[in-house]
2 protein chains.
Amino acid sequence: MAAAARVSRSTVSRAFTRPQLLSPATVEQVLTTAARLGYVGNQAARALSTGRFGNIAVVVPDIANPFFPPLVRSLQLAAETADLAVFLGDSDESAEREAKLIARLAPQVEGFVLASPRLSEQLIRELAATRPVVLVNRDLDGIARVLIDSSGGMTEAVLLLKKLGHQRLAYLAGPRDSWSDGQRRTTLARVSEQAGLTVEVIETGRPSYAAGRESVSAIVRSGATAAIAFDDVVSQGVLAGLEVRGISVPADFSLVGCDDTLAALTTPALTTVSAGAASAGAAAAQLLITLLQSPDGRPADAAAGGEGAAAAGASGAAGGRAGEDGGGGECVRIGTHLVVRGTTAVRGGMVA
Amino acid sequence: MAAAARVSRSTVSRAFTRPQLLSPATVEQVLTTAARLGYVGNQAARALSTGRFGNIAVVVPDIANPFFPPLVRSLQLAAETADLAVFLGDSDESAEREAKLIARLAPQVEGFVLASPRLSEQLIRELAATRPVVLVNRDLDGIARVLIDSSGGMTEAVLLLKKLGHQRLAYLAGPRDSWSDGQRRTTLARVSEQAGLTVEVIETGRPSYAAGRESVSAIVRSGATAAIAFDDVVSQGVLAGLEVRGISVPADFSLVGCDDTLAALTTPALTTVSAGAASAGAAAAQLLITLLQSPDGRPADAAAGGEGAAAAGASGAAGGRAGEDGGGGECVRIGTHLVVRGTTAVRGGMVA
DNA sequence: GTGAAAGCGCTAACAA
DNA sequence: TTGTTAGCGCTTTCAC
């Protein structure tokens, strides 16, 4: 071990950030000494100097909703590979709190992933003008986004229910501000009409087990013999409510959930529209990373979303990317499909 | 609106951080102008100057495990009230990754909440020597911690199973590094012996639906007629595996999960040991906030954990706090109790 | 009650 | 290849 030569401030800095500018020996020496002294660079000072923080934020309406944890998880894992630390914000399904969180986080993050944002379009656009933003399940032209397209799976669901002999469906709706809910309503209305079925939409505020359970009386009143719920948790609630009334599934009633979360893996297992939340998280992270790397805050090439699209493909659905649209926001679209399980058993149901 | 007088740098700073030093009129004026201009202080610069970041980190082994989201959620909500932003780290059940995450986050957080850490005691102690650390479900003397004490609920579970006529139980174990798992094993062994029952421990690596499902052959081989699983997710897997083999629950077999997560709210609903993850999150946040506020990094008074204890009480269990022990780490203990639901129905079971 | 000035620890020109 | 210098935007004595 050679005697340690004194080096300057900048040499130390360079040893960490751009070692190729120094002689290997110097780098080596600095790094070793630093390790021995337990020196670690001060993030705040670095950020102050460079304007870069190495942090991103992901904001979700409710981390306790089982759709989000896998998304956040794969996002964080992907972020780690780019050495980005991730802030988590839970807006509690409130646009107002979402705005507050964003304001609080903005001064120390380089970019945002807003998952199922409840925020107004205007506010999102204002934010996106400031720094890279990737949306998940919100379709704003010109802003990078990952969309889980439920229309495929929803269509399959309606057709299956028709085949089982149902004529009157109920849709347990999700939050009004949710893009996914909007897409599901629309698809459902369109496809049902084409198939000659009627759909009763039942509003259920915040998607929860309790909400599902309580909506059963409305379902029964509607005369529906099958229901599609906004998500698997609501669906579980419906299942419980039906049981209490002695309506058995799938013998007397068919049920379909959405998202294919942990909540669908029960006994009996839920028929559900698979959503690939984990793929969406990975894709969103990838997109944001690309945005961050390109100097002008726009994707430099087609690399973005590659992994996400692959993952979507792996889920068996039609995954793919649409290129730039009008404003220049990359859009990754993840397809869905119906996973048929116990709650709509073909062997049971109306035609059994 | 008076004409805006030019004020100095420092006045602006004070208006935000210590308004009591300024005349109300000045404060008012600065704040209004700041709002109009959209000015927000630069966190990095503030941190550089004060050494405080206003950030904390919560590290979990697997955010996709339904035990953690409610914990993280209430933690983040509580942190918000103290204007703390929260980083989320997912260690993927690996001690090594946990260490890396902590190292990455350490330079920009004021404190850590380590939930179910897989890290070695030594590393945890080293970290705790550096900055405030609150542990969840890890019992290290002298370090602040929140413990969900499963022994109460586990004991009730064993007694219920005995009453149902079972003599041979299986325990589907959790990760070896998990304190909760250790506590559950120990309690189970002790109580079962006292009750004259035998317990077969079946190892299942990472707790998951698949692991539970695959462990069914071992359960059957063991001759057990009832099983207690490390958590509800594993329990659901077991349920599915049993069904495949035509073993029906609770008629032929009794099943108990742990944590009382979303995964227990199914049809049939799972009998489970309620764990109050949300209370634990709130209590941990509270504890950390108190630690952060006391200049020496130790709680100043008994305020810490008050909310958590209250919440624990609300869950119907015996919640409470132990005061300082040897080293000075506050310890909040949250009790548990058995929630009896469909998978161990008293009307069914072995004695039906 | 308010302003002036000195850093916090780092990076990034610019020199050498 | 390395050192010197000038800030990044804030807080904080210390004067006034």
Out of D:dT4, D:dC10, D:dC14, which has the shortest distance to the side chain of B:Arg14?
D:dC14

Check the distance between D:dT11's C1' and B:Arg46's CZ and give it to me in whole angstrom.
9 Å

Indicate, with a heavy-atom threshold strictly under 4.0 Å, whether A:Thr50 touches base, sugar-phosphate, or nothing.
sugar-phosphate

Whole angstrom is fine here: how far is it from CZ in B:Phe53 over to P in D:dT11?
14 Å

Closest approach to the side chain of A:Val7, judged atom by atom: which nucleotide of D:dT1, D:dG3, D:dG9 is it?
D:dG3

At under 4.0 Å between heavy atoms, what does B:Gly41 touch on the DNA or RNA strands: base, sugar-phosphate, or nothing?
sugar-phosphate

Taking atom P of D:dC10 as reference, at what distance in whole Å does atom CG of B:Leu48 sit?
11 Å

CG (B:Asp177) and CD (B:Glu98) are apart, to the nearest 0.5 Å, by 9.0 Å

Measure the distance from CG on B:Leu22 to P on D:dT12 and round it to the nearest whole Å.
13 Å

By the 4.0 Å heavy-atom rule, please label A:Ser13 as base, sugar-phosphate, or nothing.
base

Rounded to the nearest Å, what distance is computed from the CZ atom of residue B:Arg9 to the C1' atom of nucleotide D:dC8?
11 Å

Between A:Gln108 and B:Asn42, do the side chains contain a donor N or O and an acceptor N or O under 3.5 Å apart?
no

Does the side chain of B:Ser49 get closer than 4.0 angstrom to OP1 or OP2 of D:dC10 through an N or O atom?
no

Please tell me which of A:Ser8 and B:Val40 maps to the more 5' nucleotide of DNA chain D, matching each residue to the nucleotide holding its nearest heavy atom.
A:Ser8

Tell me whether B:Thr26 contacts the main-chain N or O of B:Leu22 through its side chain, where contact means a donor paired with an acceptor under 3.5 Å.
no

Is there a donor in the side chain of A:Ser8 and an acceptor in the side chain of A:Thr11, or the other way round, less than 3.5 Å apart?
yes

Scan for side chain to side chain donor-acceptor pair (under 3.5 Å) pairs involving residues 74-85 of chain A, sequence neighbours excluded, and state none if there are none.
A:Gln76-A:Glu80, A:Glu80-B:Arg97, A:Asp83-B:Arg104

Test side chain to side chain contact (heavy atoms under 4.5 Å, CB included), reference A:Leu114, set A:Leu127, A:Val58, A:Val60, A:Val136, output is A:Leu127

Test A:Asp62 against A:Asp90 for side chain to side chain contact (heavy atoms under 4.5 Å, CB included), laying out the working first.
CA-CA 6 Å; A:Asp62 181 6; A:Asp90 184 314; 4.0 Å; yes

May I have the distance from B:Gln43 (atom CD) to D:dC10 (atom C1'), rounded to whole angstrom?
11 Å

Can you confirm if the aromatic rings of B:Tyr39 and B:Phe16 lie within a centre distance of less than 6.0 Å?
yes

I'd like to know if the side chain of A:Arg138 reaches the main chain of A:Leu119, judged simply by a donor and an acceptor atom lying under 3.5 Å from each other, with no hydrogens or angles considered.
yes

Minimum-distance nucleotide to B:Arg18 side chain [options: D:dG3, D:dT12, D:dT11]:
D:dT12

Could you tell me the separation between the CG atom of B:Leu21 and the C1' atom of D:dC14, rounded to a whole number of Å?
14 Å

Between B:Glu110 and B:Arg52, does a side chain to side chain contact (heavy atoms under 4.5 Å, CB included) hold up when you go through it step by step?
CA-CA 7 Å; B:Glu110 295 180 45; B:Arg52 251 178 275 101; 3.4 Å; yes

Under 4.0 Å, heavy atoms only, any strand: does A:Tyr39 hit a base, just the sugar-phosphate, or nothing?
sugar-phosphate

How would you give the extent of chain A contacts on DNA chain C, as first and last nucleotide 5' to 3' within a 4.0 Å heavy-atom cut-off?
C:dG9 to C:dA13

Rounded to 10°, the helix from C:dG1-D:dC16 to C:dA16-D:dT1 deviates from straight, judged by its five-pair end axes, by 30°

